[in-house]
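Throughout, protein chains are lettered first and strands after them, A, B, ... in sequence-line order, and every chain is numbered starting at 1.
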Protein chains: 2
Amino acid sequence: MKLSLRGEYALRALIVLGLNYGRSVVQIQTISRQQNIPKRFLEQILHDLKSAGIVESRRGVAGGYRLHAPPERITLAAVIRHIEGPLAPVSCVSERFYEPCTCPDEAKCGIRSVMKEVRDAIVKILEGFTLAQLCERVRQLHAEPGNPLDYII
Amino acid sequence: MKLSLRGEYALRALIVLGLNYGRSVVQIQTISRQQNIPKRFLEQILHDLKSAGIVESRRGVAGGYRLHAPPERITLAAVIRHIEGPLAPVSCVSERFYEPCTCPDEAKCGIRSVMKEVRDAIVKILEGFTLAQLCERVRQLHAEPGNPLDYII
DNA sequence: TTAATCTTGATAATATTTCTAGTGATTGTA
DNA sequence: TACAATCACTAGAAATATTATCAAGATTAA
C-alpha cells in the first residue's frame with residue numbers, strides 16, 4: 001500500500017469537504033487553490049470519487065462538490081481502496097482485489113503468509129479510521145480554528 | 001509499501017539461499033529454474049542484494065550465491081527496504097527515506113499522522129520477521145520436506 | 001586452457017503516474 | 001433567451017518506474 005499523489009490529493013480534498021459538511025458545496029477551484037492541487041487533475045479525482053459514491057456534485061453556477069454521506073460513515077480504507085486499489089502489499093493476499101501471483105503454489109508460499117499479516121495490520125488501521133476522525137485531527141492540530149475553508153491540511 | 005515483482009523475486013531467492021545456508025553456494029540458474037524467475041533479471045537482483053551486503057558470491061566454475069549472514073540476522077524489513085525503498089505509505093513519514101511531501105504544513109497534516117500509524121504497524125511486523133523464520137514457515141508448509149533445493153516457495 | 005560462472009553497463013519494452021487540453025452538458029440568473 | 005460559471009467526459013502528452021534482455025568481460029576451478 002503506497003499512497004500516490006492522486007491518493008493524497010483525494011484525501012486532502014475529502015478533508016476540505018469533510019470540514020464543510022452540512023454547509024454548501026465547495027468548488028473545485030477553491031479546493032485546488034487552497035490545497036495547491038492541479039485543477040484538471042483534481043476534477044478527475046473528484047469525478048472518480050463521485051463514481052464511487054463518496055461525493056456528490058452540483059452543476060451550474062453555484063455548483064461544486066460535497067460529501068455524499070456523513071464523514072463518520074466514510075472510512076479511509078474505502079477511499080484508498082477506490083483510488084489506489086488493494087491495500088495489501090501483494091494482490092495474492094488481497095480480499096477484494098485478489099489475483100494469483102507468480103509463485104508455483106500459493107498454499108505453500110511463505111511470503112504470502114507474512115504479507116497477509118501486513119495486510120491485516122494495514123486494513124485494521126484504515127478500516128477503523130473515518131473521515132470524521134481525520135477532520136477532527138486536523139482541527140486539533142490547529143490551535144486556533146479560523147474559517148474552516150482556510151485550513152491548511 | 002507495495003511489493004514489486006523485483007521484491008518478490010528477491011525474497012524467493014533469499015528463501016532458497018536460506019534453506020541452503022551452511023551448505024554450498026547456489027547458482028543463479030538453479031534459482032531461476034526452480035522459482036521460474038527470468039535469469040537475467042535475477043542476476044541484477046542478486047547483484048543488488050550483494051551490494052547491500054545481504055548475500056555474497058563466488059565466481060568461476062563452482063560459483064554461485066549464498067547468504068552473507070545467518071538467516072536469523074536478516075530481517076525482512078532490511079531486504080524490502082533495500083529493494084523497494086521506504087516501507088512507509090508516504091515518504092514524509094519515513095524514518096530512513098524521509099522526503100517532504102506537497103502539503104503546506106507537515107506539522108498540521110492530518111494525513112501524515114494516520115500514515116505514521118500505518119508505517120509503524122508495517123515496520124513492527126517486518127523488523128520482527130527474519131529470513132530464518134520465513135524459511136521455517138516454508139518448511140512447515142511442506143509436510144514432507146525432500147531435497148531443500150526442490151522446495152516450491 | 002577451458003568451460004562455467006558471476007560482473008557490468010547499456011538499453012528495450014511495457015506499465016503506471018501525473019498532468020494538460022478540448023469539447024460538451026447543465027444550471028442559475030439577468 | 002442568452003450568458004457565464006461550473007461540472008462531465010475523453011483523449012492523450014510527459015515523466016517515471018517496472019520488468020526484462022543483451023553483450024562483452026572478468027574470475028575461477030579443474
> From the 5' end of DNA chain C to its 3' end, which nucleotides mark the outer limits of contact with chain B, defined by a 4.0 Å heavy-atom distance cut-off (strictly under)?
Replying inline: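 Listed 5' to 3', the contact boundaries are C:dA3 to C:dA10.
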>> Quick check on the hydrophobic clustering: are B:L134 and B:Y21 connected, directly or via other members, by side-chain heavy-atom contacts under 4.5 Å?
In response: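 Yes, one cluster joins them.
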>> According to a hydrophobic-cluster definition based on side-chain heavy atoms being under 4.5 Å apart (Ile, Leu, Val, Met, Phe, Trp, Tyr only), do B:L49 and B:V25 belong together?
In response: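 Hydrophobic grouping puts B:L49 apart from B:V25.
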> OP1 or OP2 of D:dT19 sitting under 4.0 Å from any side-chain N/O of B:Y9?
Replying inline: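 Indeed not, no polar side-chain atom of B:Y9 lies that close.
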> For B:F41 and D:dT18, what is the distance between atoms CZ and C1' respectively, to the nearest whole Å?
Replying inline: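 For the pair B:F41 CZ and D:dT18 C1', the rounded distance is 7 Å.
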> Separation of B:K2 atom NZ from D:dT18 atom P, in whole Å?
Replying inline: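 B:K2 atom NZ is separated from D:dT18 atom P by 8 Å.
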> Quick check: are there more than 12 heavy atoms from other residues, nucleotides or ligands sitting under 6.0 Å from NZ of B:K116?
Replying inline: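 For B:K116, atom NZ is crowded (more than 12 foreign heavy atoms under 6.0 Å).
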> Take atom NE2 in B:H82; do more than 12 heavy atoms of anything else shown fall under 6.0 Å from it?
Replying inline: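 More than 12 heavy atoms, drawn from other residues, nucleotides or ligands, come within 6.0 Å of this atom.
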> Nucleotide by nucleotide, 5' to 3', does protein get under 4.0 Å of the base (B), only the sugar-phosphate (S), or neither (-) in nucleotides 3-15 of chain D, counting heavy atoms?
Replying inline: --BSBBB-B----
> Are any of the side-chain nitrogens in A:R81 or A:E127 under 4.0 Å away from the carboxylate oxygens of its partner?
Replying inline: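 Salt bridge flag = yes for A:E127 with A:R81.
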>> Here's a test for you: under side chain to side chain contact (heavy atoms under 4.5 Å, CB included), which of B:V55, B:L67, B:T130 qualifies with B:I74?
In response: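 Among the candidates, only B:L67 passes.
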> Would B:E84 and B:S4 count as a side-chain hydrogen bond (donor to acceptor under 3.5 Å, both in side chains) if you check the C-alpha gap in whole Å, the side-chain angles of each, and the deciding distance to 0.1 Å?
Replying inline: CA-CA 7 Å; B:E84 306 280 350; B:S4 68; 2.9 Å; yes
> Stepwise, does the side chain to side chain contact (heavy atoms under 4.5 Å, CB included) test hold for A:L5 with A:E8?
Replying inline: CA-CA 5 Å; A:L5 211 44; A:E8 192 184 319; 4.1 Å; yes
